[in-house]
Amino acid sequence: SLFQALHQLYYDPNIENKNLAQKWLMQAQVSPQAWHFSWLLLHMDKVPEIQYFGASALHIKISRYWNDIPADQYESLKSQLFTHITRLCVALASLALSMMPEAWPCAVADMVRMFQAEDSNVDGRARCLALLELLTVLPEEFQTSRLPQYRKGQVRSVLAQECGSVFPLLEQLLQQQDSPGFIKQKVLKCFSSWVQLEIPLMDCENLIQAAFTSLQDPELFDTAVEAVVNAISQPDAQRYVNTLLKLIPPVLGLQEQLRQAVQSGDMETSHGICRIAVALGENHSRALLDQVEHWQSFLALVNMIMFCTGIPGHYPVNETTSSLTLTFWYTLQDDILSFEPDKQAVYQQVYRPVYFQLVDVLLHKAQFPSDEEYGFWSSDEKEQFRIYRVDISDTLMYVYEMLGAELLSSLYDKLGRLLTNTEQPSTWQHTEALLYGFQSIAETIDVNYSDVVPGLIGLIPRISISNVQLADTVMFTIGALSEWLADHPVMINNVLPLVLQALGNPELSISSVSTLKKICRECKYDLPPYAANIVAVSQEVLMKQIHKTSQCMWLMQALGFLLSALQVEEILKNLHSLITPYIQQLEKLADETPNPSNKLAIIHILGLLSNLFTTLDISHHDDDHESTEVKKLPVQQGPNPVVVVLQQVFQLIQKVLSKWLNDAQVVESVCAIFEKSVKTLLDDFAPMVPQLCEMLGQMYSTIPQASAIDLTRQLVHIFAHEPAHFPPIKALFLLVTSVTKKLLQQGPRDHPDIVDSFMQLLAQ
């Protein structure tokens, strides 16, 4: 067989056997079977002599018997050869890393020399490609190698010195007129790979300049961008300020190419050039700002990045570049604000106008396209645009730190001019973007001192709302100003009617409900005059089922906040009208045989009650003490309204439970009502304790479920300092413990949720 013959050829001392074996193997090499066996011989587990024979068999077949290969196998032959070459390069790279620096001191220089040797019978271009492949995988192999830490540092510094053998070769290949494109491409990839070894930036200078030249060649453009960006972005680069300063002119020199790319709609080119400008600006703004005498050239770079931020077209459909620039503006601002006062004052003078321009550019980019155009966008594009607007919003909020109150004034002036200009009616997109800017800032910054908010609240009713996006932003802006309204309650009536009107529109569901919830939470002590109206509108939209489940829950929370500020008899009256329809529905459902559709209805109603009781708090446990001290209502006498309602529906809830005790979700929804109430009411929940403990005990003994243990834990937590309530809670705790112990003796693996909740109870 083949292996026997190879063994004879290489290891048999008898010369005749050797000759016979050689003759036989030469015939084998030219046989059709050679295509198959040569690959087998190349496997890593074979000894080098056998691999060598396999490689030379393959070489003979390809060079002399090319016509034997069917055309449909060219591709697979090519990819197999590439795989083997790459594998060998990776193996050689790995070997070099293991032997450096003691066992193989000048490994890289040796490789370059061996591949350049003129006496080799391999074509020069092929040798050049193989060498470039090897040099490219060497740093990559180093990054992923598992060398011990001390060796890593040692090998890294040896490799960084060895770049003296590599870079001149790469420069020569890039500058040679007759180097074909694919070689130059390999050279740029190789350079990209090496710069990640923290090679001093000044040693890379010539190659970076050569890469800039390659940006003019469309075939090399992408690879050249990667090379320049990798070189500029290495963390060590900021030490070489002189080299960084030398890089600004070639980056600025790309502006013409950038403008042409934008004009011709060549998104890839504009994206690549923008990446280079941002890499230089974002990674080195501090180092470059420090060079005060070069402030003009850095400002020119900043303006180039501004052009990229404001690149024409709508993100993400006509351009994908502007989003790359946003973090640059954060970095630049941080760096300016980190200087000592004198230097900061100088830079504030230069850069405040730039940041005001940035706000205009960002608000322009945040504008929606025309309704017609937006109609053609896919849902994915719309979602990307939504996220992009959130990023813009975050940037505006950050920029506020630099520009302060003047930013709000400028937005207000623009909005005022827009809404009062009768000659030139504005587009809704323009109005929406300005409001969006306002909302972005007001959402997180305390605008209470701002003198423009009253004017803004006065302008809002003047906006003619013609479409959903604008209406949404109006709602969110009102929501963002809810804390301001709490301090200026006389303005509530300016905006509340808009919010209540929007509640009836399913398209404005999220914005209108969340805004009403914010107003009810922040302004509850000023809402009693409007309470009847708010409750009536809310009841109507709940009955018409305009909103999805989660918005219905938020609406109930809003009503809980609202009712908390009323007198007890008022609360009970409102609760009665609000809850009665649901109680009647629940009574009907409790009589029906359990099925999937009535299960959803039951969970929905129980959820509405839980959410209402989450925020209905007449003792105002949650208020912050400074601002609301004055407005505290007199302490209520008599039972808490929530307890009154719970006692009225208690039997009905028990009836629902008895039918649905097997269903973890229904049991969870029942427990949630009491858990939310006990968390909100605290001591006021006391009258419910005995009957609740009894019900929980019966539930848990029949079918143990984790939600019952969680509720027991709440009771232990809240009444731990009230000896009067110990007996029922103690009895419940003992019962839960004995049932759980029995259950866990049968096998804890079947009940991980119960084990978890029980351990949390014992911790409590």
>> Quick check: closest heavy atoms across P316 and Q384, and the distance to 0.1 Å?
In response: CG-OE1, 3.3 Å
> So which heavy atom on K186 is nearest to which on L132, and how close?
Replying inline: CB-CD1, 3.7 Å
> Just by modelled atom types, is the Q209 backbone N or O under 3.5 Å from a matching donor or acceptor in the T213 side chain?
Replying inline: yes
> Do E282 and T331 have a side chain donor and acceptor closer than 3.5 Å?
Replying inline: no
>> As a quick check of understanding, evaluate side chain to side chain contact (heavy atoms under 4.5 Å, CB included) for L131 and R127, giving each step before the final call.
In response: CA-CA 6 Å; L131 175 60; R127 273 181 304 163; over 6 Å; no
> To the nearest 0.5 Å, how far apart are OG in S322 and OH in Y388?
Replying inline: 3.0 Å
> So, for D290 and F339, which heavy atoms are closest and what is the spacing to 0.1 Å?
Replying inline: OD1-CE2, 3.4 Å
> In terms of heavy-atom contacts, does CD of E293 have more than 12 from other residues, nucleotides or ligands at under 6.0 Å?
Replying inline: yes
>> Tell me whether R156 contacts the main-chain N or O of F142 through its side chain, where contact means a donor paired with an acceptor under 3.5 Å.
In response: no
List the atom pairs, with distances to 0.1 Å, where a side-chain N or O of residues 260-273 and a protein N or O form a donor-acceptor pair under 3.5 Å, not counting sequence neighbours.
unit_1, atom_1, unit_2, atom_2, d
Q260, NE2, E256, OE2, 3.4
S264, OG, Q260, O, 3.1
S264, OG, A261, O, 3.3
D266, OD1, E268, N, 3.3
D266, OD1, T269, N, 3.1
D266, OD1, T269, OG1, 3.2
D266, OD2, T269, OG1, 2.5
S270, OG, D266, O, 3.3
S270, OG, M267, O, 3.1
H271, ND1, T320, OG1, 3.4

> Looking at CD1 of I248 and OG of S297, how far apart are the two atoms once the value is rounded to the nearest 0.5 Å?
Replying inline: 4.0 Å
> For the residue pair L97 and R151, what are the closest heavy atoms and their distance?
Replying inline: O-NH2, 3.0 Å
> Can you check whether M100 reaches L159 side chain to side chain, under 4.5 Å on heavy atoms?
Replying inline: yes
> Quick check: are there more than 12 heavy atoms from other residues, nucleotides or ligands sitting under 6.0 Å from CD of Q4?
Replying inline: no
>> How long is the straight-line distance from CG of L744 back to CG of D750, given to the nearest 0.5 Å?
In response: 10.0 Å
>> Let me confirm one number: the CD1-CD1 distance from I387 to I392, rounded to the nearest 0.5 Å.
In response: 12.5 Å
> Is there side-chain contact between L326 and L362, with at least one heavy-atom pair below 4.5 Å?
Replying inline: yes
> What are the two closest non-hydrogen atoms of P139 and L197, and how far apart are they?
Replying inline: CB-CD1, 3.9 Å
> Tell me, do L135 and F191 make a side-chain contact under 4.5 Å, heavy atoms counted?
Replying inline: no
>> Under the criterion side chain to side chain contact (heavy atoms under 4.5 Å, CB included), I'd like the reasoning laid out for I709 against Q760: C-alpha separation, chi angles, the key distance, then a yes or no.
In response: CA-CA 9 Å; I709 308 184; Q760 290 192 41; over 6 Å; no
> Is L129 close to F182 at the side-chain level, that is, under 4.5 Å between some pair of heavy atoms?
Replying inline: yes
>> For S338, give me all partners under side-chain hydrogen bond (donor to acceptor under 3.5 Å, both in side chains), at least two apart in sequence or on another chain.
In response: R286
> Does the side chain of L174 come within less than 4.5 Å of L170's, by heavy atoms?
Replying inline: no
> If you round to the nearest 0.5 Å, how far is CE of M202 from NZ of K246?
Replying inline: 10.0 Å
> Could you walk me through whether S179 and Q172 pass the side chain to side chain contact (heavy atoms under 4.5 Å, CB included) check?
Replying inline: CA-CA 9 Å; S179 284; Q172 185 194 339; over 6 Å; no
> If you look at every heavy atom in A211 and L188, which pair is closest and at what distance?
Replying inline: CB-CD2, 3.9 Å
> Hey, does the side chain of E205 reach the backbone of T243 with a donor-acceptor pair shorter than 3.5 angstrom?
Replying inline: no
> Under 4.5 Å between any side-chain heavy atoms of L201 and D236, yes or no?
Replying inline: no
> Would you say Q333's side chain and Y398's backbone share a donor-acceptor pair under 3.5 angstrom?
Replying inline: yes
>> Walk me through whether K365 and E319 qualify under salt bridge (Lys or Arg N to Asp or Glu O under 4.0 Å).
In response: CA-CA 11 Å; K365 293 296 292 180; E319 63 92 7; 2.8 Å; yes
>> Let me confirm one number: the CG-SG distance from L169 to C163, rounded to the nearest 0.5 Å.
In response: 12.5 Å
>> Taking R275 first and then E226, would you say they form a salt bridge - that is, a charged N and a carboxylate O separated by under 4.0 Å?
In response: yes
> Please, which pairs that meet ring-ring contact (aromatic ring centres under 6.0 Å, His included) have at least one residue in residues 194-251, sequence neighbours excluded?
Replying inline: none
>> Between S757 and D753 (side chain of the first, backbone of the second, donor and acceptor by atom type, cut-off under 3.5 Å), is there such a pair?
In response: yes
>> Could you check whether any side-chain heavy atom of W24 comes within less than 4.5 Å of a side-chain heavy atom of Q8, counting everything from C-beta outward?
In response: no
> Are any non-hydrogen side-chain atoms of Q154 and E102 less than 4.5 angstrom apart?
Replying inline: yes
>> Set out, in order, the CA-CA distance, both residues' side-chain angles and the distance that settles side chain to side chain contact (heavy atoms under 4.5 Å, CB included) for F167 and N206, then state yes or no.
In response: CA-CA 9 Å; F167 283 12; N206 293 349; over 6 Å; no
> Quick check: does any side chain N or O of D756 sit under 3.5 Å from a backbone N or O of P752, one acting as donor and the other as acceptor?
Replying inline: no
>> Among L288, L280, L244, exactly one meets side-chain contact (heavy atoms from CB on, under 4.5 Å) together with F298. Which residue is that?
In response: L288
> With distance as the sole criterion, is a donor-acceptor pair present between the side chains of Q216 and Q257 under 3.5 Å?
Replying inline: yes
Expected list for residues 12-23: side-chain donor-acceptor pairs under 3.5 angstrom, two or more places apart:
unit_1, atom_1, unit_2, atom_2, d
D12, OD1, N14, N, 2.9
D12, OD2, N17, ND2, 3.1
N14, OD1, E16, N, 2.8
N14, OD1, N17, N, 3.4
K18, NZ, L9, O, 2.8
K18, NZ, D12, O, 3.3

>> Take a 6.0 Å sphere around CD of Q149 and say whether it holds more than 12 heavy atoms from other residues, nucleotides or ligands.
In response: no
>> When you measure from the side chain of S193 to the backbone of K189, do you find a donor-acceptor pair of N or O atoms at a distance under 3.5 Å?
In response: no
Show me the side-chain donor-acceptor pairs of residues 300-313 shorter than 3.5 Å, one per line, residues at least two apart or across chains.
unit_1, atom_1, unit_2, atom_2, d
N303, ND2, L299, O, 3.3
T309, OG1, I305, O, 3.1
T309, OG1, T325, OG1, 2.8
T309, OG1, W329, NE1, 3.1

> What salt bridge (Lys or Arg N to Asp or Glu O under 4.0 Å) pairs are there with at least one residue in residues 165-185, not counting sequence neighbours?
Replying inline: none
